[in-house]
Amino acid sequence: MHLRHSGTVRHCLTFQLMTKKTAANCQKPVMFLALMAILKKNAFSRRVPDLVTEELVAVLSRRSSFEFKQLFDIVHENLRARNAASGGEEMLRLRAYEKLQNLVARGAVRKNGKKYKGLPSALAQAIAQQNGHLAGVK
């Protein structure tokens, strides 16, 4: 059955001019294969560590306040030292700002005007959750 459907799908995808009967035969296998592709993609995906958030947490755990420009400069240098600053500086700046705002929204970082200050216990909990650990469970 699978071989018959794959031939029909190949036929449907190769030729643009289809009769009503061929179109009806193609609809179900194409939807099935699309669903299988989605399930297969998600079934074996592995999350890589979020290095930007790790560096933000490391810098913000120092108990001092930073403006975003200062914070980003430190994070960018640390990522370059780890050879993990890929994708261009502007894209990295946008990702770092988004990660910082997520930490602010979760209550791990306090924003006062343009300055950001990390809350050490909340940062430790945030990084543990990000790494897949349950907070407070040993």
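In what follows, every heavy atom counts, from backbone to side chain, and hydrogens, waters and symmetry copies are set aside.
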Rounded to the nearest 0.5 Å, how far apart are [atom1] of [X] and [atom2] of [Y]?
X: L79; Y: E54; atom1: CG; atom2: CD; answer: 9.5 Å
X: L100; Y: T53; atom1: CG; atom2: OG1; answer: 9.5 Å
X: K115; Y: S65; atom1: NZ; atom2: OG; answer: 6.0 Å
X: H76; Y: L71; atom1: NE2; atom2: CG; answer: 13.0 Å
X: L56; Y: Y97; atom1: CG; atom2: OH; answer: 12.5 Å
X: D50; Y: K99; atom1: CG; atom2: NZ; answer: 4.0 Å

Nearest non-hydrogen partners of [X] and [Y], listed with the distance:
X: A108; Y: A122; result: CA-CB, 3.5 Å
X: A96; Y: F72; result: CB-CD1, 4.0 Å
X: S61; Y: L123; result: OG-CD1, 3.7 Å

List the residues meeting ring-ring contact (aromatic ring centres under 6.0 Å, His included) with F66, not counting sequence neighbours, and say none if there are none.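 So F66 forms no ring-ring contact (aromatic ring centres under 6.0 Å, His included) with any residue.
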Pair E77 + R82, salt bridge at N-O below 4.0 Å: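 Salt bridge between E77 and R82, a charged N being under 4.0 Å from a carboxylate O: no.
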Check E90 with R93, please: is the shortest side-chain N to carboxylate O separation under 4.0 Å?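 Result for this pair is yes, salt bridge flagged.
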Does [X] reach the side chain of [Y], with side-chain heavy atoms less than 4.5 Å apart?
X: I74; Y: R62; answer: yes
X: P120; Y: R63; answer: yes
X: V109; Y: L119; answer: no

Please assess E89 against R80 for the test salt bridge (Lys or Arg N to Asp or Glu O under 4.0 Å), listing each intermediate value before the final yes or no. CA-CA 10 Å; E89 187 176 342; R80 284 181 51 201; over 6 Å; no
Do Q70 and Y116 have side-chain atoms, one donor and one acceptor, less than 3.5 Å apart? no
Counting only heavy atoms from other residues, nucleotides and ligands, does the tally under 6.0 Å from CZ of R110 exceed 12?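 12 or below, so no.
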same_hphob_cluster(V104, V52) at 4.5 Å side-chain heavy-atom cutoff: yes
